[in-house]
Protein chains: 2
Amino acid sequence: MTGVLEVVAEPHRRLILTLLLEGEKSAGEIVAALPLSQPGVSKHLKVLKDAGLVTVRRQARQRLYRLCPDPLREIDAWLTPFRDAWNERLDALETHLDGMEET
Amino acid sequence: MTGVLEVVAEPHRRLILTLLLEGEKSAGEIVAALPLSQPGVSKHLKVLKDAGLVTVRRQARQRLYRLCPDPLREIDAWLTPFRDAWNERLDALETHLDGMEET
DNA sequence: GGGAAATATTTCTGTCAAGGAATACGAGCA
DNA sequence: TGCTCGTATTCCTTGACAGAAATATTTCCC
């Protein structure tokens with residue numbers, strides 16, 4: 001559970017992050033939105049918080065979670081060379097098509 | 001093990017993909033490059049193949065694995081809204097700084 | 001065809017993480 | 001102070017996956 005990728009590999013956690021795209025949500029709201037028990041959600045929230053993907057703010061008896069997408073840049077960075085690779089494939093395809101056009 | 005993200009969450013599998021950025025490699029070469037037993041590597045290669053992340057080609061007694069980065073687009077797509085979110089944060093920061101400049 | 005090299009598959013075991021139930025904690029309110 | 005709501009933590013069980021060792025399979029060479 002060290003890397004961001006591993007944290008994000010869990011479907012429920014991805015759901016939580018997607019939910020937080022709408023804005024800050026209380027733990028209770030997140031529980032209501034997930035097919036999971038309250039403790040289950042709470043545990044996922046802890047993992048996300050430890051990974052720096054969310055920040056918490058206390059307001060009265062509630063905990064408000066806010067998305068913090070910065071660590072996802074790590075995934076983006078990892079993806080970069082592969083993005084280049086698939087662009088090369090596209091380039092090759094275009095070159096091929098161009099070659100066909102000439103005939 | 002359904003999604004690409006889960007497949008790629010495994011460090012050894014990421015290592016294999018990174019290795020294949022250099023070009024086609026035989027299973028043996030991959031085994032030699034990883035701190036893992038031959039069967040272990042072979043199993044990971046199967047997972048990668050099932051996920052469509054590599055293609056195999058037989059040449060003599062060897063199996064040559066080639067990178068096929070297309071499924072990674074799925075991760076890229078998932079990342080998109082979060083990328084927007086972090087751009088918003090940057091914009092907010094710039095706006096803030098611009099505001100400070102004026103004073 | 002027999003043997004050896006390259007790789008895949010099976011079997012087994014240990015580990016780790018996810019999920020649920022119960023419990024603990026903390027803040028606000030009567 | 002005691003009670004209740006919102007949330008976190010603990011404990012336990014279960015299932016899945018990673019890894020190693022042994023075995024099977026395929027292909028080449030003699």
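Convention: sequence-line order gives letters A, B, ...; per-chain numbering from 1. Just so it is clear, the structure is predicted and the values come from calculations on it, not from any experiment.
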Separation of dA8(D) atom P from L48(A) atom CG, nearest Å, is 12 Å
Kindly state which residues belonging to residues 26-46 of chain B come within less than 4.0 angstrom of DNA chain D, counting heavy atoms of the residue only, listed by number. L36(B), S37(B), P39(B), K43(B), H44(B)
Can you list, by residue number, the residues of residues 11-24 of chain B that have a non-hydrogen atom closer than 4.0 angstrom to DNA chain D? H12(B), R13(B)
Under 3.5 Å: donor-acceptor pair, side chain of R14(A), backbone of V8(A): yes
Does any N or O in the side chain of Q62(A) come within less than 3.5 Å of the main-chain N or O of L64(A), such that one atom is a donor and the other an acceptor? no
Along DNA chain C, first and last positions that approach a heavy atom of chain B under 4.0 Å: dA5(C) to dT9(C)
Show the nearest heavy-atom pair for residues A27(A) and L45(A), with the distance to one decimal. CB-CD1, 4.2 Å
Mind jotting down which residue pairs meet the side chain to side chain donor-acceptor pair (under 3.5 Å) criterion with at least one end in residues 29-41 of chain A? Sequence neighbours excluded, please. S26(A)-E29(A)
Exercise: identify the closest heavy-atom pair between L67(B) and F82(A): CD2-CD2, 3.8 Å
Main chain of D76(A), side chain of R83(A): is a donor-acceptor contact present, judged purely on distance under 3.5 Å? yes
Which atom pair, heavy atoms only, marks the closest approach of V7(B) to R13(B)? O-NE, 2.6 Å
Distance, rounded to the nearest Å, where R58(A) contributes CZ and dG6(D) contributes C1': 11 Å
According to side chain to side chain donor-acceptor pair (under 3.5 Å), who are the partners of E22(A), at least two apart in sequence or on a separate chain? K25(A)
What's the CD-P distance between Q59(A) and dT7(D), to the nearest Å? 11 Å
When all nucleic acid strands are considered with a 4.0 Å heavy-atom cut-off, which category describes R61(A): base, sugar-phosphate, or nothing? base
With ring pair (Phe, Tyr, Trp, His ring centres under 6.0 Å) as the rule and sequence neighbours excluded, what pairs involving residues 37-60 of chain B come up? none
Using a cut-off of 6.0 Å, state whether more than 12 heavy atoms not belonging to R73(B) lie near its atom CZ. yes
Write down the atom of E6(A), the atom of A9(B), and the distance for their closest heavy-atom approach. CG-O, 3.6 Å
Rounding to a whole Å, what distance do you find between E10(B):CD and dC17(D):C1'? 9 Å
